[in-house]
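To keep things clear, I will list the structure first and then write my remarks on it.
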Amino acid sequence: MNQITDIFFDLDHTLWDFDKNSELAFDKIFKEQHPNVDTKEFVSVYAPINQACWKLYQVDKISHDELRYKRLKDSFDVLNYNISDNDIHQMAIDYITYLPENNLLFEGAKEVLDYLNSKYKLHIITNGFADVQYKKLKNSGIADYFISVTNSEMAGVKKPNPKIFEYALTQANVEKQNSIMIGDCIDADVNGALNFGIDAIFFNESKIEIPNHIIQINHLIELKKYL
């Protein structure tokens, strides 16, 4: 790792605790609009459906708008909860509005960013929607750590497409051999980066089984061992 000068982070599920912040956003929506919906029950169904929808979105099998609708519609269908399309569309808008109001980060995020910021240039590469991601960074108090933020709307492609990594490196004015990617998605972040030709570290907070050749951490503070 001695040649590394620039570190590229994913945001959701890596630094910004998407699951906890998402539950808070849904809890506010349901209390205001659908008090009969149990937030924890909904989120337990929604979380895997959302992940599946994002995988489709990453490979352009569904659009931005289809993602926002489908993940809600499919979740309510599983729960057999009767809700109109108009209500789902409004909820999709409210969810995106409320989501970045919450600012919970993974344990150790700011500590490790302080540590890395003194040694490296830090950047973000995200498939998330641009306006929402900027609000998340600002509201959680970590925006100033990052020299550049590359999102899929700017690059015109999503991780794991190599073009988004190429775009990010160009923005950062850094070469592959001096860069490393850190993220929670084995396909989009880790394999995407490795296939492009830059090093990667997998944030394996869920402790899933992965190939032995991939460097992994289970807690963000463990990055100090490698960087």
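Not measured: the values here are computed from a predicted model.
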Smallest heavy-atom separation, His123 atom then Asp6 atom, equals NE2-OD2, 2.7 Å
Do any pairs count as a salt bridge (charged side-chain N to carboxylate O under 4.0 Å, His left out) and have a residue in residues 49-68, sequence neighbours left out, and if so which ones? Asp60-Lys158
Please tabulate, for the side chains in residues 184-202, all donor-acceptor contacts under 3.5 angstrom to protein atoms that are two or more places apart in sequence or on a different chain.
unit_1 : atom_1 : unit_2 : atom_2 : d
Asp184 : OD1    : Thr14  : OG1    : 3.2
Asp189 : OD1    : Lys159 : NZ     : 2.7
Asp189 : OD2    : Asp184 : N      : 3.2
Asp189 : OD2    : Cys185 : N      : 3.0
Asn191 : ND2    : Ile186 : O      : 3.3
Asn195 : ND2    : Asn191 : O      : 3.1

Side chains of Phe8 and Leu169, heavy atoms from C-beta outward: is any pair under 4.5 Å? yes
Pairs in or reaching into residues 218-227: which pass side chain to side chain donor-acceptor pair (under 3.5 Å), with residues at least two apart or in two chains? Glu111-Lys224
So does Asn173 have more than 12 non-hydrogen atoms from other groups sitting under 6.0 Å from CG? no
With sequence neighbours excluded, what pairs up with Tyr69 under the ring pair (Phe, Tyr, Trp, His ring centres under 6.0 Å) test? His89
Might you work through the side chain to side chain contact (heavy atoms under 4.5 Å, CB included) test for Asp87 and Gln33, ending with a clear yes or no? CA-CA 9 Å; Asp87 281 352; Gln33 303 170 22; over 6 Å; no
Are Ile88 and Phe129 linked, directly or through other ILVMFWY residues, by side chains that come within less than 4.5 angstrom of each other? yes
Within a reach of under 6.0 Å around CD of Gln177, are more than 12 heavy atoms found that belong to other residues, nucleotides or ligands? yes
Among pairs that include at least one residue of residues 19-40, which meet ring-ring contact (aromatic ring centres under 6.0 Å, His included), considering only residues two or more places apart or in two chains? Phe26-Phe30, Phe26-Phe42, Phe26-Tyr46, Phe26-Tyr95, Phe30-Phe42, His34-Tyr81
Do Asp114 and Lys110 meet the salt-bridge criterion of a basic N to acidic O distance under 4.0 Å? no
To the nearest 0.5 Å, how far apart are NZ in Lys20 and OG in Ser22? 13.0 Å
Would you mind reporting whether Leu113 and Phe146 have side-chain heavy atoms less than 4.5 Å apart? yes
How close do Leu105 and Ala109 get, counting heavy atoms only, and between which atoms? CB-CB, 3.9 Å
Is it possible for you to say whether Phe18 and Tyr134 belong to one hydrophobic cluster, with membership spreading through side-chain heavy-atom contacts below 4.5 Å? yes
Report the distance from atom OG of Ser44 to atom CD of Glu23, rounding to the nearest 0.5 Å. 9.5 Å
Side chain to side chain contact (heavy atoms under 4.5 Å, CB included) for Ile83 and Val37? Distances and angles first, verdict last. CA-CA 11 Å; Ile83 183 170; Val37 177; over 6 Å; no
Derivation and outcome, side chain to side chain contact (heavy atoms under 4.5 Å, CB included), residues Phe165 and Lys176: CA-CA 9 Å; Phe165 295 100; Lys176 290 182 183 182; over 6 Å; no
Between OG on residue Ser63 and NZ on residue Lys70, distance to nearest 0.5 Å: 11.5 Å
Tell me which pairs pass salt bridge (charged side-chain N to carboxylate O under 4.0 Å, His left out) where either residue lies in residues 121-146, with sequence neighbours left out. Asp12-Lys136
Does the Asn102 side chain pair with the main chain of Asn21, one donor and one acceptor, at a distance under 3.5 Å? yes
So, does Tyr115 use its side chain to make a donor-acceptor pair with the main chain of Leu227 at under 3.5 Å? yes
Atom of Asn117, atom of Tyr145 and distance for their closest heavy-atom approach: OD1-O, 3.7 Å
If Ile, Leu, Val, Met, Phe, Trp and Tyr residues are connected whenever their side-chain heavy atoms lie under 4.5 Å apart, and connections chain through other members, are Phe9 and Val132 in the same group? yes
Taking the side chain as everything from C-beta on, heavy atoms only, tell me whether His13 gets closer than 4.5 Å to Asp19. yes
Hydrophobic cluster identity match, Leu56 and Ile164, side-chain contacts under 4.5 Å: no
Looking only at non-hydrogen atoms, find the nearest pair between Tyr57 and Asn127 and report the distance. CE2-O, 4.0 Å
Roughly how far, to the nearest 0.5 Å, is the OG atom of Ser179 from the CD1 atom of Ile4? 6.5 Å
Using 0.5 Å steps for rounding, measure from the CD1 atom of Ile180 to the CD atom of Gln3. 8.5 Å
Rounded to the nearest 0.5 angstrom, the OG-CE distance for Ser75 and Met91 is 10.0 Å
Please check if any side-chain donor atom of Thr126 sits under 3.5 Å from a side-chain acceptor atom of Gln133, or the reverse. yes
Going hydrophobic residue to hydrophobic residue with side-chain gaps under 4.5 angstrom, can you get from Ile96 over to Phe76? yes
Closest contact, heavy atoms only, Asn204 versus Gln216: ND2-OE1, 2.7 Å
Minimum heavy-atom distance between Leu67 and Ile62, given as atom pair plus value: CA-CD1, 3.8 Å
Criterion side chain to side chain donor-acceptor pair (under 3.5 Å) on Thr5 and Asn178, from CA distance to verdict: CA-CA 5 Å; Thr5 60; Asn178 303 122; 4.9 Å; no
